[in-house]
**Student:** 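The structure follows.
All ligand and atom numbering here is 1-based and tracks the order in the structure. Everything numeric here is computed off the predicted structure, so don't read it as measured data.
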Amino acid sequence: MYTIPIEFFQSPVSHKPLTLKSENILVDEDGNEFKKNAEFGFWNFIPSQRAPIYNETQWNSFKQLIDNFVISYNKHPEVNVSYAERQDAFDFGDFCKYYGNVLDIGCGPHKTPSYIKFRKNPDATYYGIDVLEGEHPKDLNFAQAMGEHLPFKDNTFDVTISGTSLLHFVDIKQGILEGLRVVKPDGYFCIWLGVKSKDAPKPKESPEWYSKLETPEGAENPFHYKRWTSEEFENIFKEVGAKLIEKEVHKIDEWRENVFFKLKK
Ligand SMILES: C[S@@+](CC[C@H](N)C(=O)[O-])C[C@H]1O[C@@H](n2cnc3c(N)ncnc32)[C@H](O)[C@@H]1O
């Protein structure tokens, strides 16, 4: 059902090549194994243990965030932008100008995010990773993986994209570095950042399920590690040596805007 070529993969833990140990198990030279999901046939690259890629605090924080996502996805699926025909998603899809092999990092739990579904270039091939298993079959070639530790070789994709996902990563800088690592030198990495001012009015009431969520250690709220400003985000690009080649700002209201960035390595 999912057809990601094995040659695309490398170990997300050791960064060494992966070989097939059996039809449903990939293994790296250090013995790290990754299994195919028995029900839906996608590879699961979430490491079974935290070491060596995370310390204990980061790992527990990541697991808390995932628990929160699962609850929100079940209780309130329509809040996910991939769910609906929305102008902001159409705008991001137009901005991405898909071609060749496209990887969506944090593609969401639904079948296809709407910035792909409604803005598809039929000549391109779409791949997606997310930490959540989500709904299946998806309309893109899916693998379960972490954006900070992608299971792909360097220079594999023509376009990499991330739609409102990076703010949920335990290590956002690592997420940006990975999105750039796996894109080809003549390709680009498109990021959709939702910016919200600290002065934005808080919702008058939160649903009961939301108020019960625990905030992961080091995070600002149950879902976001930090609400970055556009300028702060651009400073990370400089720190990681990324070239910002295009930027689009779509104002939503007094307090909120969507910012799209196109980066090259
Ligand atoms: C707000 S949703 C956006 C989903 C999709 N891009 C869209 O716009 O419809 C954020 C997604 O990021 C995923 N996510 C959170 N942390 C992640 C990580 N470290 N690596 C990959 N995906 C992650 C979540 O599971 C969730 O599906």
**Student:** Answer with yes or no after comparing the ring centroid distance for H149 and F45 against a 6.0 Å cut-off, counting only values under it.
**Tutor:**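 They do not qualify: ring centres at least 6.0 Å apart.
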**Student:** Who's closest to atom 10 (C) of ligand 1 heavy-atom-wise, of H149, H168, E148?
**Tutor:**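 Closest candidate by heavy-atom distance is H168.
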**Student:** So, using ring-ring contact (aromatic ring centres under 6.0 Å, His included) as the criterion, who are the partners of Y2 when residues are at least two apart?
**Tutor:**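 Y2 satisfies ring-ring contact (aromatic ring centres under 6.0 Å, His included) with H136 once adjacent residues are dropped.
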**Student:** Within a distance under 4.0 Å of any heavy atom of G147, pick out the atoms of ligand 1 and give their elements.
**Tutor:**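 So the answer, numbered in order with elements, is 18 (C), 20 (N), 21 (C).
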**Student:** Would F40 and F142 count as a close aromatic pair, with their ring centres under 6.0 Å?
**Tutor:**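 Not under 6.0 Å, so no.
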**Student:** Which atoms of ligand 1 sit under 4.0 Å from any heavy atom of T164?
**Tutor:**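 Contacts of ligand 1 toward T164, numbered from 1: 1 (C), 3 (C), 8 (O), 10 (C).
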**Student:** Is F95 reachable from V183 through a run of hydrophobic residues whose side-chain heavy atoms are each under 4.5 Å from the next?
**Tutor:**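 No, V183 and F95 fall in different hydrophobic clusters.
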**Student:** Which atoms of ligand 1 have any heavy atom of M146 under 4.0 Å away?
**Tutor:**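 Close to M146: 20 (N).
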**Student:** Give the atom numbers and elements of ligand 1 that come within less than 4.0 Å of a heavy atom of L132.
**Tutor:**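 Heavy-atom distances to L132 below 4.0 Å select 25 (O).
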**Student:** Please determine if G163 has a nitrogen or oxygen closer than 3.5 Å to a nitrogen or oxygen of ligand 1.
**Tutor:**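 Yes: some nitrogen or oxygen of G163 is under 3.5 Å from one in ligand 1.
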**Student:** Look only at interatomic distance and state if Y115 has a nitrogen or oxygen under 3.5 Å from any nitrogen or oxygen of ligand 1.
**Tutor:**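 For ligand 1, there is an N or O atom that lies under 3.5 Å from one belonging to Y115.
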**Student:** When the side chains of residues 243-250 are checked against the rest of the protein, which donor-acceptor pairs come out under 3.5 Å, sequence neighbours left out?
**Tutor:**
unit_1, atom_1, unit_2, atom_2, d
K243, NZ, K265, O, 3.2
E246, OE1, K262, NZ, 3.4
K247, NZ, S230, OG, 3.4
K247, NZ, E234, OE2, 2.7
E248, OE1, H250, NE2, 2.7
H250, ND1, D91, OD2, 3.4

**Student:** For G106, take its heavy atoms, then give the atoms of ligand 1 lying under 4.0 Å from any of them.
**Tutor:**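 It comes down to these atoms of ligand 1: 4 (C), 5 (C), 6 (N), 22 (N).
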**Student:** Compute the minimum heavy-atom distance from W192 to ligand 1 and say whether it is under 4.0 Å.
**Tutor:**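 W192 does not count as a contact of ligand 1 under the 4.0 Å cut-off.
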**Student:** Honestly, is K226 close enough over W228, meaning NZ or CZ under 6.0 Å from the six-membered ring centre and within 45° of the axis?
**Tutor:**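 Flagged: K226 positioned over aromatic ring of W228.
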**Student:** Counting heavy atoms only, name the option from D130, L150, I105 that's nearest to atom 27 (O) of ligand 1.
**Tutor:**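 Result: the heavy atom closest to atom 27 (O) of ligand 1 is in D130.
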**Student:** Is any N or O atom of A145, backbone or side chain, closer than 3.5 Å to an N or O atom of ligand 1?
**Tutor:**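 No, there is no polar N/O contact under 3.5 Å.
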**Student:** With a 4.5 Å cut-off on side-chain heavy-atom distances among I, L, V, M, F, W and Y, is there a chain of contacts connecting L103 to L166?
**Tutor:**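 In one cluster with L103: L166, yes.
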**Student:** Below 6.0 angstrom between ring centroids: does that apply to F8 and Y127?
**Tutor:**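 Yes, the ring of F8 comes within the 6.0 Å limit of the ring of Y127, centre to centre.
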**Student:** With heavy atoms under 4.0 Å as the rule, classify the contact between A89 and ligand 1 as side chain, backbone, both or neither.
**Tutor:**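 Under 4.0 Å from ligand 1, A89 contributes no heavy atoms.
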**Student:** Short list, please: which atoms of ligand 1 are under 4.0 Å from a heavy atom of P109?
**Tutor:**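 Result: 27 (O).
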**Student:** For Y115 together with F90, are the ring centres under 6.0 Å from each other?
**Tutor:**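 Ring centroids of F90 and Y115 are no less than 6.0 Å from each other.
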**Student:** With heavy-atom distances below 4.0 Å as the criterion, list the atoms of ligand 1 near S165.
**Tutor:**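 Checking each atom against S165, I get 3 (C), 6 (N), 10 (C), 11 (C), 12 (O).
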